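Numbering of residues begins at 1 and proceeds along the displayed sequence. In this text the structure is predicted, and so the values were computed from the model without any measurement.
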Amino acid sequence: MLVSNRIQDILGFYESENPGVKANLIRMLLHGKLAGSGKLLILPVDQGMEHGPTKSFSKNPQSYDPHYHFKLAIEGGFSAYAAPLGMLEAGASTYAGLIPLILKLNSSTLLSPKNSLDQVVTSSIKDALKLGCSAIGITIYPGSHNFFSMIRETRDLIAEAKAAGLAVVIWSYPRGNDISKQGETAIDIVAYAAHIAASLGANIIKVKLPTSHIERDSIPYDISSLEKRIEYIKLSCFARRRLVVFSGGETKTDEELFQEVQSIKLGGGDGSIIGRNSFQRSKSNAISMIEKIAKIYNN
């Protein structure tokens, strides 16, 4: 497939990146149902590590099997599949080359002490290269008491990944004692978290959908609709010069997802990263849902 003008424009935003990073961005942007559109659909399956297998997989028992997620990503036409080391190792050979992979380098667990608000690095750049990944994924918690130590821990991983030609995806989730629960998805706080991820060198930024709640800083723009809030998030990421994908969040109805996707598209967002709303459905229902989401982005 020829690289479209839109994808050429996107690559032009990453002026300092080496050919390896750009090649891996192209691999994701040219894969799946959104290939060539400049949009991304990513399947993340780090929830078993983060929330536990029962909470994550019991709604769809097939999803306990790591191979199920590879199949879902491939048959569903996702742009990439993201997961921790063990999940990818369990199917990397069988499905080698069939779906771009993102190795999630750090994780937390619900068994950690309450309010620890930290992540631990569980794999390496060497692991990502061994598995044939296109990118690494890293979670940060802007606002956490551990935030600065998280940055010291991950900055070298970001530099090492890019030097090896891997793209970098940053999950940027604001949280901490000085941020209210409502503030975690407040438009001003989410925009700040997205900008922090861009400033740290993220090629692709993942954030939650922002609400109209203002936690700290008033915004001199129209943020009355989700579409307008998406526009502001993109503006905050170097004036739209970074790819930003938005979380599917808690399980919801198809119609609710489609409405969110329509707003992401109209607001200039770069796609969706949908985990639980994909693998907690049956595979046939998930594939049908992703087909409709792709049509929204492509139209």
Side-chain angles (χ1 to χ4, degrees), residues 6-7 9-15 25 29 34 37-42 44 79 137-144 147 151 167-176 178-250 252 256-275 277 293 296-299:
R6 174 57 186 152
I7 293 179
D9 289 342
I10 290 170
L11 294 177
F13 295 155
Y14 298 93
E15 297 185 24
L25 287 172
L29 288 164
L34 296 184
S37 68
K39 305 291 185 183
L40 293 164
L41 273 173
I42 299 174
S79 310
I138 297 173
T139 293
I140 59 171
Y141 295 146
S144 165
F147 179 62
I151 297 311
V168 174
V169 186
I170 293 184
W171 280 238
S172 194
Y173 292 160
R175 57 190 61 174
D178 294 328
I179 300 174
S180 70
K181 189 65 179 177
Q182 191 178 13
E184 292 178 4
T185 52
I187 176 61
D188 58 319
I189 300 296
V190 174
Y192 199 165
H195 182 83
I196 288 170
S199 298
L200 292 172
N203 302 120
I204 301 170
I205 298 160
K206 177 193 176 186
V207 291
K208 295 182 179 181
L209 287 167
T211 67
S212 59
H213 174 66
I214 299 290
E215 182 82 352
R216 296 181 181 177
D217 301 321
S218 61
I219 295 173
Y221 299 99
D222 178 7
I223 54 166
S224 59
S225 67
L226 180 56
E227 173 188 341
K228 293 297 184 181
R229 295 193 290 275
I230 297 295
E231 286 183 4
Y232 186 67
I233 298 298
K234 282 289 291 181
L235 179 65
S236 299
C237 293
F238 300 167
R240 307 175 185 86
R241 297 176 70 85
R242 290 296 179 266
L243 291 165
V244 184
V245 294
F246 294 86
S247 171
E250 299 286 343
K252 56 195 69 168
E256 288 172 327
L257 274 175
F258 299 152
Q259 290 175 358
E260 289 178 353
V261 168
Q262 184 69 22
S263 294
I264 294 169
K265 177 192 173 183
L266 293 175
D270 300 297
S272 299
I273 179 163
I274 304 176
N277 279 287
I293 287 174
I296 294 172
Y297 278 127
N298 280 320
N299 287 338

Q: Using a 4.5 Å cut-off on heavy atoms from C-beta on, say whether the side chain of Tyr14 contacts that of Arg241.
A: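 Contact flag for Arg241/Tyr14 side chains = no.
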Q: At what distance, to the nearest 0.5 angstrom, does CG of Leu29 lie from CZ of Arg6?
A: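 Going from the CG atom of Leu29 to the CZ atom of Arg6 covers 9.0 Å.
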Q: Between CD1 of Ile273 and NZ of Lys208, what distance do you get to the nearest 0.5 Å?
A: 12.5 Å
Q: Taking Phe13's backbone N and O only, do any of them form a donor-acceptor pair with Arg242's side chain (distance below 3.5 Å, no angle check)?
A: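 Flag set: sc Arg242 to bb Phe13 pair under 3.5 Å.
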Q: Please find the pair of heavy atoms, one from Gly271 and one from Ile264, that lie closest to each other, and give the distance.
A: O-CG2, 3.9 Å
Q: Please evaluate residues Ile170 and Ile205 with respect to the criterion side chain to side chain contact (heavy atoms under 4.5 Å, CB included), reporting the C-alpha separation (whole Å), side-chain torsions for both, the decisive distance (0.1 Å), and the verdict.
A: CA-CA 5 Å; Ile170 293 184; Ile205 298 160; 5.5 Å; no
Q: So which pairs with a foot in residues 213-233 pass salt bridge (Lys or Arg N to Asp or Glu O under 4.0 Å), sequence neighbours left out?
A: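 For residues 213-233, and leaving out neighbouring residues, the salt bridge (Lys or Arg N to Asp or Glu O under 4.0 Å) pairs sorted by first residue read Lys228-Glu231.
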Q: Side chains of Ile10 and Leu25: closer than 4.5 Å at any heavy-atom pair?
A: no
Q: Hey, are the side chains of Pro210 and Leu226 touching, using non-hydrogen atoms and a 4.5 Å cut-off?
A: yes
Q: List in chain and number order the residues that pass ring pair (Phe, Tyr, Trp, His ring centres under 6.0 Å) with Phe238, two or more places apart in sequence or in another chain; answer none if no residue qualifies.
A: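 Only His195 meet the ring pair (Phe, Tyr, Trp, His ring centres under 6.0 Å) criterion with Phe238.
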Q: Has the side chain of Ser79 got a donor or acceptor atom that lies under 3.5 Å from a matching backbone atom of Leu41?
A: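 Yes, the answer is positive, given that a donor and an acceptor are paired below the 3.5 Å cut-off.
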Q: Are Ser272 and Tyr297 side-chain neighbours, meaning at least one heavy-atom pair lies under 4.5 Å?
A: yes
Q: Restricting to ring pair (Phe, Tyr, Trp, His ring centres under 6.0 Å), what partner residues turn up for Tyr232, sequence neighbours left out?
A: Tyr221
Q: Identify the two heavy atoms, one from Trp171 and one from Pro44, that lie closest to each other, and give their separation to 0.1 Å.
A: CZ2-CB, 4.4 Å
Q: Could you go step by step and tell me if Asn299 and Lys265 meet the side chain to side chain contact (heavy atoms under 4.5 Å, CB included) rule?
A: CA-CA 10 Å; Asn299 287 338; Lys265 177 192 173 183; 4.0 Å; yes
Q: What's the shortest heavy-atom distance between His213 and Ser180, and which atoms?
A: NE2-OG, 4.4 Å
Q: Say you draw a straight line from CD1 of Ile274 to CD1 of Ile293; how long is it, rounded to the nearest 0.5 Å?
A: 3.5 Å
Q: Where do Ser37 and Asn298 come nearest, in terms of heavy atoms and distance?
A: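 Nearest heavy atoms, Ser37 then Asn298: CB-OD1, 3.6 Å.
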Q: Verify side chain to side chain contact (heavy atoms under 4.5 Å, CB included) between Ile223 and Ile214, making sure each step is shown before the conclusion.
A: CA-CA 10 Å; Ile223 54 166; Ile214 299 290; 3.7 Å; yes
Q: Give a yes or no answer on whether the side chain of Asn277 reaches the backbone of Gly248 with a donor-acceptor pair at less than 3.5 Å.
A: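 Confirmed, Asn277 side chain pairs with Gly248 backbone.
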Q: Testing the basics here: between Val244 and Cys237, what is the closest heavy-atom pair and its distance to 0.1 Å?
A: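 Minimum heavy-atom contact is CG2-SG, 3.7 Å.
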Q: Check this for me: Tyr141, atom OH, are more than 12 non-hydrogen atoms of other residues, nucleotides or ligands nearer than 6.0 Å?
A: yes
Q: Within the 4.5 Å heavy-atom criterion, are Ile151 and Ile140 side-chain neighbours or not?
A: yes
Q: Could you measure the distance from the OG atom of Ser247 to the CG atom of Leu209? Nearest 0.5 Å is fine.
A: 7.0 Å
Q: Side chains of Val207 and Thr185, heavy atoms from C-beta outward: is any pair under 4.5 Å?
A: no
Q: For the residue pair Pro142 and Ser172, establish whether any side-chain heavy-atom pair is separated by less than 4.5 Å.
A: yes
Q: With the side chain counted from C-beta on, respond yes when Asp270 and Lys234 share a heavy-atom pair under 4.5 Å apart, and no when they do not.
A: yes
Q: Locate the shortest heavy-atom distance separating Ile204 from Val245; write the atom from each residue and the value.
A: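 Reported closest heavy-atom pair: CG2-CG2, 4.1 Å.
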Q: Tell me, with the steps shown, if Leu40 and Leu34 meet side chain to side chain contact (heavy atoms under 4.5 Å, CB included).
A: CA-CA 6 Å; Leu40 293 164; Leu34 296 184; 5.8 Å; no
